[in-house]
Amino acid sequence: FGVTQQALSFALADTTTIVRQKVLDLLSAIEDALGGLSFSSVRVLCGKNFWLSLIEHKSVKESYLNTLAAQSLRQDPRMEFEFGGVVFERYRGTSDVKVGDDDAYAIPEGVPDLFITRYAPADYMETVGTLGLNYYAKQWDLEANRGVKMEAQSNPLNLCTRPRAVVKLTKA
């Protein structure tokens with residue numbers, strides 16, 4: 001559709017990077033992509049190397065020192081945390097659904113219909129030209145009345161209606 005994903009480097013290898021400024025750049029990119037639609041929050045799902053670089057970054061650590069939140073520096077380093085109004089979370093998905101180790105994805109939350117699901121009809125003659133349903137189930141008798149064969153299917157298509165609002169972040 002001629003839409004390219006937005007990407008933003010957080011430059012976490014550079015100790016002089018001001019991560020709070022990168023968060024502000026991220027929020028501005030999401031606001032621009034939403035074109036005036038409001039959102040309630042932003043959640044960032046981080047790959048393991050991005051996550052480690054973020055939680056160990058000088059500007060992130062320094063913002064927590066000498067505050068009540070400093071205790072989080074001693075707790076489990078896998079716990080999500082808020083920084084600059086954005087919730088960062090270490091993503092632990094596996095298999096085909098994975099965030100690259102050096103990447104992260106920022107997703108605005110509370111946007112009506114940002115992600116939608118639509119269903120295609122089943123592959124039966126009687127469903128040709130009809131609107132898709134969530135589930136289809138069918139049964140038929142086996143030869144010589146020896147039982148019943150059953151089949152069920154669902155044909156969902158999950159879609160992001162504003163793909164530029166989901167921003168890819170890179171560690172470098």
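Quick note: residue numbers are just sequence positions, from 1. Values below: all heavy atoms of this structure, side chains included; hydrogens, waters and symmetry mates excluded.
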Residue pair Lys58, Glu62: steps toward the side chain to side chain contact (heavy atoms under 4.5 Å, CB included) verdict = CA-CA 6 Å; Lys58 180 182 175 188; Glu62 286 178 352; 3.0 Å; yes
Side chains of residues 27-38: which donor-acceptor pairs under 3.5 Å do they make with residues two or more places apart or in other chains?
residue: Ser28; atom: OG; partner: Leu24; partner atom: O; Å: 3.1

Could you give the distance from [atom1] ([X]) to [atom2] ([Y]), rounded to the nearest 0.5 Å?
X: Leu142; Y: Gln139; atom1: CG; atom2: CD; result: 10.5 Å
X: Leu131; Y: Tyr119; atom1: CG; atom2: OH; result: 14.0 Å
X: Leu133; Y: Gln153; atom1: CG; atom2: CD; result: 10.5 Å
X: Cys46; Y: Phe88; atom1: SG; atom2: CZ; result: 6.0 Å
X: Thr117; Y: Leu157; atom1: OG1; atom2: CG; result: 8.0 Å
X: Ile116; Y: Arg118; atom1: CD1; atom2: CZ; result: 4.0 Å

Quick one, [X] and [Y] - any side-chain contact, counting heavy atoms below 4.5 Å?
X: Pro108; Y: Leu114; value: yes
X: Val44; Y: Leu169; value: yes
X: Val166; Y: Cys160; value: yes
X: Val167; Y: Leu26; value: yes

Could you give all pairs that pass the ring-ring contact (aromatic ring centres under 6.0 Å, His included) test and reach residues 5-42, with sequence neighbours left out?
->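 Of all non-adjacent pairs touching residues 5-42, those that pass ring-ring contact (aromatic ring centres under 6.0 Å, His included) are Phe10-Phe50.
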Residues, nucleotides or ligands: over 12 heavy atoms within 6.0 Å of Asp113 CG |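 At most 12 heavy atoms, drawn from other residues, nucleotides or ligands, come within 6.0 Å of this atom.
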Checking side chain to side chain contact (heavy atoms under 4.5 Å, CB included) for the pair Glu126/Lys138: CA distance, chi angles, key distance, verdict?
-> CA-CA 12 Å; Glu126 65 267 19; Lys138 205 169 191 177; 2.8 Å; yes
Applying salt bridge (charged side-chain N to carboxylate O under 4.0 Å, His left out), which residue pairs with at least one partner in [range] are found, sequence neighbours left out?
range: residues 34-43; value: Arg43-Glu80, Arg43-Glu89, Arg43-Glu109
range: residues 161-172; value: Asp102-Lys171, Asp103-Lys168
range: residues 11-25; value: none

Hey, does the side chain of Ser59 reach the backbone of Val19 with a donor-acceptor pair shorter than 3.5 angstrom?
->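 Here the side-chain-to-backbone pair exists.
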Flag, side chain of Thr161 to backbone of Phe115, donor-acceptor distance under 3.5 Å |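 No, Thr161 side chain to Phe115 backbone: no donor-acceptor pair under 3.5 Å.
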Glu151 side chain to Tyr124 side chain, donor-acceptor N/O pair below 3.5 angstrom =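 Tyr124 and Glu151 do have a side-chain donor-acceptor pair below 3.5 Å.
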Residues Lys149, Glu143: salt bridge by 4.0 Å N-O rule =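 A salt bridge is absent here (no side-chain N lies under 4.0 Å from a carboxylate O).
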Grab the two heavy atoms, one from [X] and one from [Y], that are nearest each other, plus how far apart they are.
X: Tyr135; Y: Ser154; value: CD2-CB, 3.9 Å
X: His57; Y: Leu12; value: CD2-O, 3.2 Å
X: Thr127; Y: Pro121; value: O-CB, 3.5 Å

Worked check of side chain to side chain contact (heavy atoms under 4.5 Å, CB included) between Tyr105 and Val99 | CA-CA 8 Å; Tyr105 289 91; Val99 172; 4.0 Å; yes
For Ser9, what residues pass the side chain to side chain donor-acceptor pair (under 3.5 Å) criterion, not counting sequence neighbours?
->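 Testing Ser9 for side chain to side chain donor-acceptor pair (under 3.5 Å), a comparison that skips the adjacent residues, returns none.
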Residue pair Ser63, Phe83: steps toward the side chain to side chain contact (heavy atoms under 4.5 Å, CB included) verdict | CA-CA 9 Å; Ser63 71; Phe83 187 82; 3.1 Å; yes
